[in-house]
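As the structure is a computational prediction, the values presented were derived from the model and not from experiment. Protein chains get the first letters and strands the later ones, always in sequence-line order, with residue 1 at the start of each.
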Amino acid sequence: MRQEQKNLSNKEIASILRNIAAVYLLTNANRFKIIAYDNAADTVGQLTRELKDIWQEDKLFNIPGIGKTIGSNLDELFKTGKSEHFKGIMKKIPSTVFILMNLPTIGPKKAYKLVQALKLLNPKTVIKDLQKAAEQNHVAKLETFGEKSQKDILEAIKLYEKRSSKSDRMPLPYAYALAREISNYLEKFPGVNRIHTLGSLRRMVSTIGDVDIAVQVESHKVHKVKSLEKEIVNYFLKFPKIISVVNTGDKKASVIVSPNIRVDLRVQGEKSYGAMLQYFTGSKMHNIRLREYGIKKGLSLNEYGIKSISNFQLPTSIEIPNPKSKLFEFKEEKELYNFLGLQYIPPEIREGTNEIDLAEKNKIPNLVEIKDIKGDLHIHSSYDLKPSHDFGENSYQEILEKAEQLKYEYVGFTDHNTKISGQTEKEILDIMKLRYKDIRKINSKVKNFIGLEIDIMPHGKLALPEKAIDYVDFLIVSVHSVFNMDMKSMTQRVLSALSYPKVKILAHPTGRLLGSREGFELDWAKIFEFCSKKNIAIEINSLPKRLDLPDSLVREALQYKVKFAINTDAHANSHMDGMFYGVSVARRGWCTKNDIINTLSISDFRKWINR
DNA sequence: GCCGTTTTCGGCCCGACTGTTTTCAGTCG
């Protein structure tokens with residue numbers, strides 16, 4: 001087996017596709033071919049799972065923007081670690097061009113011009129060589145470049161060296177927290193009416209590149225809106241954490257915020273705020289499809305509203321507000337979707353799959369909401385049962401108080417199982433018995449269920465004497481060690497653990513840690529089928545670095561009628577606030593309230609767990 | 001190169017900003 005293909009990350013594949021697009025651009029290929037490769041690169045770059053895993057499941061062609069040609073070449077790339085086709089295309093352009101394209105504000109054309117004019121042909125030193133050339137004033141002398149461009153290039157190099165790349169993504173909750181901080185800052189400014197996130201952050205994608213923020217300016221003094229917009233931009237530029245300003249305009253600004261996160265701000269008046277939200281929330285594929293859908297009806301969408309084109313006959317009920325520009329404006333996104341004859345589509349599912357189709361048929365489901373959640377079933381306490389892993393910070397009593405604040409009806413206490421090495425079976429049973437008694441003694445408004453989170457050992461056995469199962473209401477099982485098994489053995493391992501009595505939840509099923517560990521692959525069809533049949537819920541874990549099960553697998557699991565438990569895996573009471581992120585994963589996976597077991601009332605939940 | 005219940009051929013999303021420009025090209029989101 002070759003090993004090199006194993007490490008092909010989405011980022012690397014996106015970069016290959018982007019490079020191909022660049023070659024086609026530089027060699028004057030059909031412009032739609034260029035767009036196709038660029039779109040594919042964008043889509044792959046934003047996937048929430050490894051493309052290679054999707055390929056392994058034979059689902060490459062389900063991804064919007066990947067068709068016959070790109071798909072079959074990716075197939076070759078995964079199978080053999082290289083693609084002759086891609087390689088052949090890339091050979092047409094010096095590889096240094098692709099490296100320069102990583103600099104902000106340098107695209108294919110500028111990169112190519114620089115490489116040609118300055119003979120930058122050494123991939124190892126190309127950035128340094130360009131820097132030297134700029135410092136020696138050689139760039140400013142080039143045609144279509146000037147003093148400013150030269151200075152910008154030096155800035156770009158500095159930024160590049162600090163960031164190492166244009167596209168390092170962070171787990172959603174970190175980006176969300178930053179957005180909240182900025183939003184708190186912005187709302188202090190008089191004239192700021194509403195604030196929203198945009199882009200992947202608004203769609204609650206598990207990993208975020210840039211933070212995009214929209215501000216609606218108050219419009220009661222219409223003649224002053226323009227200057228007010230500019231004032232808000234200026235105020236934003238004084239946000240304390242800004243370390244550099246990328247660019248600014250009258251109604252937008254891009255900055256870098258410590259520690260190296262790009263933040264874009266857009267300011268818009270009330271009348272077209274909804275259109276702007278829609279436009280910049282994306283995803284790119286959703287917008288392309290929505291605009292294509294609009295064109296078929298004679299409507300052109302842009303960030304200010306919808307324009308009527310050609311001789312399109314509008315329903316007589318609709319009056320054109322501004323006959324000259326033929327522009328329809330929308331304060332709310334919902335109005336815009338409805339105007340197009342579509343049901344409102346929540347941001348989380350705007351991914352360009354089949355949502356527009358379903359919206360047309362009024363078949364967009366009611367996605368689960370945070371207020372539907374009635375309990376948290378994966379919580380670690382400070383109770384000392386000599387656990388195999390870490391404790392939580394809070395006592396059972398404190399956890400129940402926090403749960404009451406969150407208006408929950410019940411919680412599951414799921415400490416890690418007692419360590420099995422260095423203790424006899426009897427000692428373990430005594431600990432479990434005592435814990436059982438201690439918990440049963442607790443009297444509180446919020447009810448509790450006695451659980452445990454148990455390691456699935458490499459051979460599929462549970463890290464707990466079977467007799468100990470008498471002292472719990474339910475079990476959560478999860479893999480915490482030996483991650484590098486092949487898919488077949490890993491699947492067998494998990495299935496065997498799921499077969500124990502009282503196992504009710506499979507926790508953080510892929511084991512991924514965003515940004516640091518890829519997670520293992522299971523034969524999902526088998527797992528989903530088994531869980532569905534045996535009434536075992538699959539966890540959507542809300543921890544910032546997990547967000548596991550990934551959203552695309554959630555949607556797949558739904559087809560097997562799998563139920564989910566959205567849990568926080570809290571190790572401290574403050575973590576219990578993270579439920580929101582798990583709910584957003586569920587929403588991205590198209591879950592309704594009925595798909596989530598911890599939306600059940602206490603009595604229904606009791607029935608479910610005893611089934 | 002992608003896509004499809006008006007199409008397997010013939011279409012293909014839209015605008016802002018910037019710098020170098022005398023009317024536009026390149027980059028970005």
Side-chain angles (χ1 to χ4, degrees), chain A residues 17-18 20-22 24-26 29-43 45-46 61 63-74 85-86 89 100-101 103-114 139-153 155-156 166-167 198-201 209-214 233 246-254 262-268 272 275-276 278-297 299-307 309 352 354 356-357 360-361:
Chain A
L17 294 171
R18 182 125 19 240
I20 305 266
Y24 281 139
L25 179 73
L26 294 170
N30 176 306
R31 55 187 275 252
F32 295 108
K33 189 151 105 175
I34 301 164
I35 292 170
Y37 273 96
D38 257 328
N39 286 342
D42 279 344
T43 307
Q46 291 223 13
F61 298 96
I63 297 172
I66 293 188
K68 231 169 100 184
T69 305
I70 295 181
S72 63
N73 285 301
L74 288 178
H85 179 67
F86 287 166
I89 294 168
L100 291 188
M101 278 164 52
L103 297 172
T105 74
I106 303 290
K109 299 235 173 168
K110 283 189 189 171
Y112 188 66
K113 269 187 204 160
L114 289 167
V139 173
K141 289 178 193 148
L142 303 175
E143 212 178 323
T144 73
F145 289 86
E147 289 288 337
K148 184 70 171 65
S149 309
Q150 182 166 271
K151 231 179 97 198
D152 286 350
I153 284 173
E155 275 298 305
K166 278 179 189 171
S167 59
L198 298 168
S200 55
L201 186 51
D210 304 336
V211 170
D212 299 313
I213 293 182
V233 169
V246 180
N247 54 46
T248 65
D250 285 345
K251 46 189 298 176
K252 58 183 275 191
S254 300
R262 185 187 166 118
V263 180
D264 292 339
L265 177 84
R266 289 174 186 280
V267 186
Q268 187 117 327
S272 53
M276 189 268 262
Q278 197 292 315
Y279 191 92
F280 289 107
T281 294
S283 66
K284 187 166 182 172
M285 290 315 274
H286 174 81
N287 278 0
I288 288 175
R289 292 194 176 171
L290 192 69
R291 289 170 207 159
E292 282 173 356
Y293 175 86
I295 282 173
K296 283 188 212 145
K297 300 192 158 202
L299 299 168
S300 166
L301 281 70
N302 65 35
E303 84 184 85
Y304 303 105
I306 297 181
K307 271 185 297 196
I309 43 179
N354 59 345
I356 292 172
D357 230 30
E360 197 179 6
K361 298 173 187 150

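The distance between atom CD of A:E292 and atom C1' of B:dT6, rounded to the nearest whole Å, is 15 Å. We find that CZ of A:R266 is positioned 13 Å from P of B:dG15, with the value rounded to whole Å. Counting to the nearest Å, the P atom of B:dC2 and the NZ atom of A:K284 are 15 Å from each other. Look at CD1 on A:I106: it is 12 Å from C1' on B:dG19, rounded to the nearest Å. What separates CD of A:Q268 from P of B:dG15 is a distance of 13 Å, to the nearest Å. Computed from coordinates, the A:M101 CE to B:dC28 C1' distance equals 13 Å when rounded to whole Å. Atom CD1 of A:I34 is separated from atom P of B:dC12 by 16 Å (rounded to the nearest Å). Between A:D38 atom CG and B:dT27 atom C1' there is a gap of 11 Å when expressed in whole angstrom units.
In this structure, of B:dG29, B:dC3, B:dG19, it is B:dC3 that holds the atom nearest to the side chain of A:R289. Nearest to the side-chain atoms of A:E303 among the listed nucleotides B:dT27, B:dT20, B:dA16 stands B:dA16. Checking B:dG29, B:dC3, B:dC2 against the side-chain heavy atoms of A:D264 singles out B:dG29 as nearest. Closest approach to the A:I70 side chain among B:dC17, B:dC2, B:dT20 is made by B:dC2 (side chain taken as heavy atoms from C-beta onward). In this structure, of B:dG15, B:dG19, B:dG1, it is B:dG19 that holds the atom nearest to the side chain of A:D152. When each of B:dG15, B:dG1, B:dT6 is scored by its nearest atom to the side-chain atoms of A:K296, the top-ranked nucleotide is B:dT6. The side chain of A:K113 lies closest to B:dG26, out of B:dC2, B:dG1, B:dG26.
In this model, the phosphate group of B:dG26 is not approached by any side-chain N or O of A:K110 to a distance below 4.0 Å at OP1 or OP2. A:Y293 has no side-chain polar atom (N or O) that falls below the 4.0 Å cut-off from OP1 or OP2 of B:dC3. A sub-4.0 Å separation between OP1 or OP2 of B:dG29 and a side-chain N or O of A:R262 is present. At the phosphate of B:dG19, neither OP1 nor OP2 sits under 4.0 Å from any side-chain N or O atom of A:T144.
Taking the C1' atoms as reference points, B:dG1 lies 23 Å from B:dT6, given to the whole Å. Distance check on atom C1': B:dG15 versus B:dG10 gives 26 Å, rounded to whole Å. Atom P of B:dC14 sits at a distance of 26 Å from the matching atom of B:dC9, rounded to the whole Å. Comparing the P positions of B:dA16 and B:dT23 gives a spacing of 22 Å, expressed to the nearest Å. Rounded to whole Å, the separation between the P atoms of B:dC17 and B:dC12 comes to 27 Å.
Judged by distance alone, with hydrogens and angles left aside, the side-chain atoms of A:N30 form a donor-acceptor pair with the main-chain N or O of A:K33 at under 3.5 Å. A donor-acceptor pair under 3.5 Å is formed between the side chain of A:N302 and the backbone N or O of A:Y304. Side-chain atoms of A:E303 never come within 3.5 Å of backbone atoms of A:Y279 as a donor-acceptor pair (strictly under, hydrogens ignored). Not a single donor-acceptor pair under 3.5 Å links the side chain of A:R262 to the backbone N or O of A:D210. At distances below 3.5 Å, not a single donor-acceptor pair connects side-chain atoms of A:N39 with backbone N or O atoms of A:M285.
Nucleic acid contact class of A:Y279 (heavy atoms, under 4.0 Å, all strands): base. Across all strands, A:N39 comes closer than 4.0 Å to no nucleic acid atom at all (heavy-atom distances). The residue A:R31 sits apart from the nucleic acid: no heavy atom pair falls under 4.0 Å. The residue A:S200 sits apart from the nucleic acid: no heavy atom pair falls under 4.0 Å. Here A:S300 lies in heavy-atom contact (under 4.0 Å) with sugar-phosphate atoms only. Counting any heavy atom pair closer than 4.0 Å across all strands shown, A:E143 reaches no nucleic acid atom. Residue-level contact check: A:L198 touches neither bases nor backbone, having no heavy atom under 4.0 Å from any strand. At the heavy-atom level, A:I35 lies nowhere under 4.0 Å from the strands shown. Using a 4.0 Å heavy-atom distance criterion, A:F32 is classed as a base contact. When heavy atoms are screened at a 4.0 angstrom cut-off, A:N302 is found touching the sugar-phosphate backbone but no base atom.
Ring-plane geometry between A:F86 and A:Y37 is classed as perpendicular, the angle between the planes exceeding 60 degrees on a 0 to 90 degree scale with a lower cut at 30.
How far CD1 of A:I153 is from CG of A:L103: 8.0 Å, rounded to the nearest 0.5 Å. Rounding to the nearest 0.5 Å places CD1 of A:I20 at 8.0 Å from CG of A:N73.
Nearest-nucleotide assignment on DNA chain B puts the 5′-proximal partner with A:Y37, out of A:N287 and A:Y37. The 5' end of DNA chain B is approached more closely, in terms of each residue's nearest nucleotide, by A:K252 than by the other of A:F145 and A:K252.
The pairing partner recorded for B:dC3 is B:dG10, the criterion being a Watson-Crick or G-U wobble arrangement whose two distances lie under 3.5 angstrom.
Taking the O4'-C1'-N9-C4 or O4'-C1'-N1-C2 dihedral as appropriate, B:dT7 has a value within 90° of 0 and is therefore syn.
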